[in-house]
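Structure first, commentary second.
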Number of protein chains: 2
Amino acid sequence: MSHLTKDRILDAARDLFVEHGEGAVTMRAVASLAGVSTMAAYRHFPNREALLLAVMEHGHDKFLAAMSRALSAAGPLERLIASGDAYLNFALANPRDYELMFLRPAQVDLMCAPLAWRDAATFRFLVDRVAECMAAGILHGEDPEMLAFSIWALVHGMVALYLTHKLAADEPTFRALYVSALTAALARA
Amino acid sequence: MSHLTKDRILDAARDLFVEHGEGAVTMRAVASLAGVSTMAAYRHFPNREALLLAVMEHGHDKFLAAMSRALSAAGPLERLIASGDAYLNFALANPRDYELMFLRPAQVDLMCAPLAWRDAATFRFLVDRVAECMAAGILHGEDPEMLAFSIWALVHGMVALYLTHKLAADEPTFRALYVSALTAALARA
DNA sequence: ATCAAACTGTGTACAGTGTACGCATTGCCC
DNA sequence: GGGCAATGCGTACACTGTACACAGTTTGAT
């Protein structure tokens with residue numbers, strides 16, 4: 001059954017990736033963990049990079065699902081803040097996924113449609129949250145995209161600096177920094 | 001003269017890195033470009049990672065030098081803004097160096113003293129600029145480190161999103177975004 | 001001046017990597 | 001049954017990092 005094999009290979013790749021990082025995702029290790037020959041993997045993925053991209057898509061879906069759970073919050077501002085928290089929590093809970101999705105220098109030529117779509121979805125989600133707040137008069141300004149970008153950059157920057165150890169702080173301290181920096185930014189917008 | 005050989009090897013590594021990216025920095029290619037045998041490189045660098053780290057240190061020095069040139073601006077706020085511009089300009093002019101220094105998931109065990117020092121230097125430089133502005137009453141708040149972190153995160157986030165192609169904008173548009181996001185953040189601090 | 005030790009560079013060799021190619025097996029449609 | 005496409009496998013090759021043993025050179029002590 002081809003479909004199952006493909007899934008087993010992808011699962012194996014995901015396991016290795018989440019557990020031991022990108023370097024551990026070798027075609028041989030993946031195939032062996034999936035219980036198939038090395039070359040069987042090439043029947044389902046043209047090359048290693050494509051396999052990693054598939055892992056990445058999966059991560060994106062998990063990520064977007066986590067973000068969309070923030071929509072259950074009561075008001076527009078609560079939804080925006082919950083989205084930020086969901087973003088941070090996902091990044092801290094799934095550092096390797098976050099790294100693969102957002103920290104890696106993406107090869108433009110591999111920017112296939114499904115991935116570009118997922119990238120854009122992250123941004124549009126945030127733009128919608130900001131626009132919601134603006135419509136409700138909670139945030140001021142007339143360009144939600146602009147403000148959304150600032151917020152994304154701020155949160156992404158904090159997360160990136162933390163994950164790459166540029167910030168000498170333990171997790172609780174970092175979370176505190178995050179909260180005060182983000183609320184300060186929002187309070188003034 | 002060993003010293004010259006080491007420099008030739010490092011230069012070759014830098015050339016390959018800046019020109020063709022990290023993947024092109026193979027021990028064989030570096031050694032060949034430097035005109036020595038492959039294993040000669042191992043006489044001067046314990047392994048490939050150490051060679052890359054040396055390239056990274058060099059990048060950091062270039063970076064800190066570029067930043068410190070911002071100190072010639074007139075007032076505290078001008079110096080802070082010039083620092084931000086220097087940061088952005090360096091990142092756009094040397095994307096691979098920036099990527100190696102600030103985007104890469106740093107292996108904690110390789111965080112040797114010289115690198116940690118250089119990392120901290122970036123942050124302290126920014127803290128000093130912010131403290132200067134606070135002392136002059138141009139920026140408000142009592143924790144320069146906190147504000148400096150926010151600013152760094154914002155700028156790093158914008159640069160990172162741009163360099164990893166998460167932002168669908170050409171360079172002029174991005175620079176405009178940068179200016180308005182940063183001045184907005186500063187205007188309110 | 002001599003000799004030993006340290007230093008520097010080389011060639012060879014090996015294990016691990018991605019992956020091209022061709023063959024075997026299977027399931028499916030006519 | 002007779003093709004036939006899809007799937008999986010084994011082998012082979014080029015390229016990687018780097019361990020190891022060796023050769024030439026420099027240095028320092030006697």
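Each chain gets a letter, A, B and so on, in the order the sequences are listed, and its residues count up from 1.
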With a 4.0 Å cutoff (strictly under), does any side-chain N or O of B:T5 reach OP1 or OP2 of C:dG9?
yes
Among C:dT19, C:dG9, D:dC20, which nucleotide has an atom closest to any side-chain atom of B:M39?
D:dC20
Interatomic distance, B:L51 CG vs D:dT16 C1' [rounded to whole Å]:
15 Å
Nucleotide of C:dG9, D:dC9, D:dT18 approaching B:T38 most closely (side-chain heavy atoms)
D:dT18
B:Y98 and B:Y87: side-chain donor and acceptor closer than 3.5 Å?
yes
Residues in residues 14-33 of chain B with a heavy atom under 4.0 Å of DNA chain C, by number, are B:R28
Could you grab the distance from atom NE2 of B:H140 to atom CG of B:L147, nearest 0.5 Å is fine?
11.0 Å
Salt bridge between B:R104 and B:E49, side-chain N to carboxylate O under 4.0 Å?
yes
I need the OH-C1' distance between B:Y42 and D:dA19, as an integer number of Å.
10 Å
Measure the OH-OG distance between A:Y42 and A:S37 for me, rounded to the nearest 0.5 Å.
11.0 Å
For the residue pair B:H60 and B:F63, categorise the inter-ring angle as parallel (less than 30°), tilted (30 to 60°) or perpendicular (more than 60°).
perpendicular
For A:R48 and D:dT16, give me the distance from atom CZ to atom C1', rounded to whole Å.
13 Å
For B:D7 and C:dG9, what is the distance between atoms CG and P respectively, to the nearest whole Å?
12 Å
D:dT16 P sits how many Å from B:L52 CG, rounded?
14 Å
Looking at A:F90 versus A:F102, is the centre-to-centre ring distance below 6.0 Å?
no
Ignoring hydrogens and angles, are the base of D:dG8 and the side chain of A:R43 linked by a donor-acceptor pair under 3.5 Å?
yes
Determine: side-chain N/O of B:H44 to OP1/OP2 of C:dC7, distance under 4.0 Å, yes or no.
no
Gap between atoms CD and P, on B:E49 and D:dT16 respectively (whole Å)
17 Å
Return each pair, listed once, that meets salt bridge (charged side-chain N to carboxylate O under 4.0 Å, His left out) where at least one residue sits in residues 120-133 of chain A; pairs must be two or more places apart or across chains.
A:R79-A:E132, A:R129-A:E132
Please report the distance, rounded to the nearest Å, between CZ in B:R8 and C1' in C:dT8.
13 Å
